[in-house]
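Each remark here refers to the structure printed beneath this line.
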Number of protein chains: 4
Amino acid sequence: MGVREAYLMNKAILIGRLTRDPEVRYTQSGVAVCTFTLAVDRRFARRDANDGQPTADFIPIVAWRKLAEICGNNLIKGRRISVEGRIQVRSYEAQDGSKRYVTEIVADEIEFLDSRSSVQHEGGFGAGAGAGAPAPQPQPQSKPADAGSFGPSIPDEEIPF
Amino acid sequence: MGVREAYLMNKAILIGRLTRDPEVRYTQSGVAVCTFTLAVDRRFARRDANDGQPTADFIPIVAWRKLAEICGNNLIKGRRISVEGRIQVRSYEAQDGSKRYVTEIVADEIEFLDSRSSVQHEGGFGAGAGAGAPAPQPQPQSKPADAGSFGPSIPDEEIPF
Amino acid sequence: MGVREAYLMNKAILIGRLTRDPEVRYTQSGVAVCTFTLAVDRRFARRDANDGQPTADFIPIVAWRKLAEICGNNLIKGRRISVEGRIQVRSYEAQDGSKRYVTEIVADEIEFLDSRSSVQHEGGFGAGAGAGAPAPQPQPQSKPADAGSFGPSIPDEEIPF
Amino acid sequence: MGVREAYLMNKAILIGRLTRDPEVRYTQSGVAVCTFTLAVDRRFARRDANDGQPTADFIPIVAWRKLAEICGNNLIKGRRISVEGRIQVRSYEAQDGSKRYVTEIVADEIEFLDSRSSVQHEGGFGAGAGAGAPAPQPQPQSKPADAGSFGPSIPDEEIPF
DNA sequence: TTTT
DNA sequence: TTTT
């Protein structure tokens, strides 16, 4: 027998901006899942260098359940947030039979760091915000909606805790 | 003009075990880079469930320069370590022209959490550790060595700070 | 007017050992609060140096509500845990009228890093564990009990969220 | 004998504002040490409640060596920064013979989150910035200077790593 | 003693 | 007052 000493840690803390409006979908059993990508500028990147080097990391984020719905209803492209969560690496088989890996942050906590109005004021996002355009509808589908398309393809086993 | 307020954060803190001995290579300009994969058990995974669900995340780690050499000379499959660093997402073009993404942790600090002897004692790896066997040489190439194979393919632009 | 941009962060992540059994008390309104001290060894301290330099930091921890009760029922002197929380600085007036400061970590999450039996086996605590002794009762007061002594002195305003 | 398994962690991550200009002093052997207090607003504090409850934690920060000098030369009351470091608890004997405890964060990394001009522009500090006033000299003593007063009282044993 |  |  003996002492079980299985210590582990898996924590990510990020601050960045959404590259797009978030997407909310639902699993077969109706659990909400929200996904988006966070752009986190690299600390010492020279954005003016034009040397082809990336100036940011684009990190996929996943939120589940209540947090997913709050994100879907409040986040919007360009908004700055902090995310605390764990790094998850999933694998799947590609069409050509090869194994592919997906790395994403499963969010435990998300904090909104600038007000929605400030994002708009700063002109953080363009499309559809032009003069004469109809009022934008930043809030994504807030319940079932088009859950049909992608939702059912999310297996319930993916749901954490 | 106005106030520049470009705050960002990108921090990962991990504790897990090496899935293999680390690899050390060198860039064209001779900078050491060490790579390995960290297995971090998932908190609520039931390892006995046999339900096909993963029980760990396998997270690629990269260390550079002095830290790379320390890792190459001291780490070994099965050893438990902590890693603190940042999440980096790189993209490259696959042979079929599609874009692929690689996510890895660029290590700032690594700490060795169990002594080398303890890993051996726990039977973390077998080959060559038997009585009467020649002294194992777990230390990978500690300087140029076979840098030729992969090393030169690491572009110097990848080197952080 | 303008953009409100009030970002803050206050996070502590600790791993150490309890210097004593935890204490559980109750506020006037019956909310559980558990306190104990965590000994966190200093990384580069030479424990053998005998130079009078401290080799550890002794950090006060506070847990509230359900977490307080779980701690009271499961923790014990010598046990190794991780604590995640925020740093809180309180002040109070001493008998001599001077202002004193108390710094403590308000725990959000606590994880038990070695099993209770392992602590016992390692001889972490002696009393009552001898052969033939009556079953030890490490669980402190699990509800009101002697809340009278210290409990009522905890003002309800101290309770977080 | 046996496996030594002495794992510890002691990490603090803070974002807040300086309550005053920082102070730089020097130890007997000439090592720079910078101290200041960080005000970190409490997340759910109601600043308008006027209920006597604190709305922020005031956390003492210490930086050493090069970092101390950078802080002394660049920080200023009201500036927003992030601090990463470890929690240190020191004790000393008060004049009345009782033991007192000081908790502070020993900084490993500090990041400046708003530009100096932005702090000024926001009216973060008034005195001496009026028209016709002589150029302000926010930079504290940048080398030995009045090290005499407090400096010599900092024992060299306090210096970390 | 406290920042915005 | 301190843990291993």
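Below, read A as the first sequence line, B as the second, and so on, with proteins coming before strands; counting in each chain starts at 1. Just so you know, these numbers come straight off a predicted model, no measurement behind them.
Distance from the side chain of D:T37 is smallest to E:dT2 among E:dT3, F:dT4, E:dT2. When the nucleotides F:dT4, E:dT4, E:dT2 are ranked by their closest atom to the side chain of C:R17, F:dT4 comes out on top.
E:dT3 atom C1' lies 8 Å from atom CG of D:L18, rounded to whole Å. Taking atom CD1 on D:I81 and atom P on E:dT4, their separation rounds to 14 Å, with Å as the unit. Atoms CG (C:N10) and P (E:dT4) sit 19 Å apart, rounded to a whole Å. D:Q53 places its CD atom 16 Å from the P atom of E:dT2, with the value rounded to the nearest Å. The distance from atom CE of C:M9 to atom P of E:dT3 is 24 Å, rounded to the nearest whole Å. In this entry the distance linking CZ of C:R79 with P of F:dT4 reads 14 Å, nearest Å. Put simply, CZ on D:R90 is 18 Å from P on F:dT2, counting in whole angstrom units. Distance CZ (C:F36) to P (F:dT3): 15 Å, rounded to an integer number of Å.
Using a 4.0 Å heavy-atom distance criterion, C:Y101 is classed as a base contact.
A:R80 contributes no side-chain N or O that, together with a main-chain N or O of A:G16, makes up a donor-acceptor pair within less than 3.5 Å. The closest donor-acceptor contact from the side chain of C:D41 to the backbone of C:A56 lies at 3.5 Å or more, if one exists at all. Of the possible donor and acceptor atoms, one in the side chain of D:D57 sits under 3.5 Å from a partner among the backbone N and O of C:V89.
Enclosure of atom CZ in C:R20 is not indicated, since only 12 or fewer non-hydrogen atoms of other residues, nucleotides or ligands lie within 6.0 angstrom.
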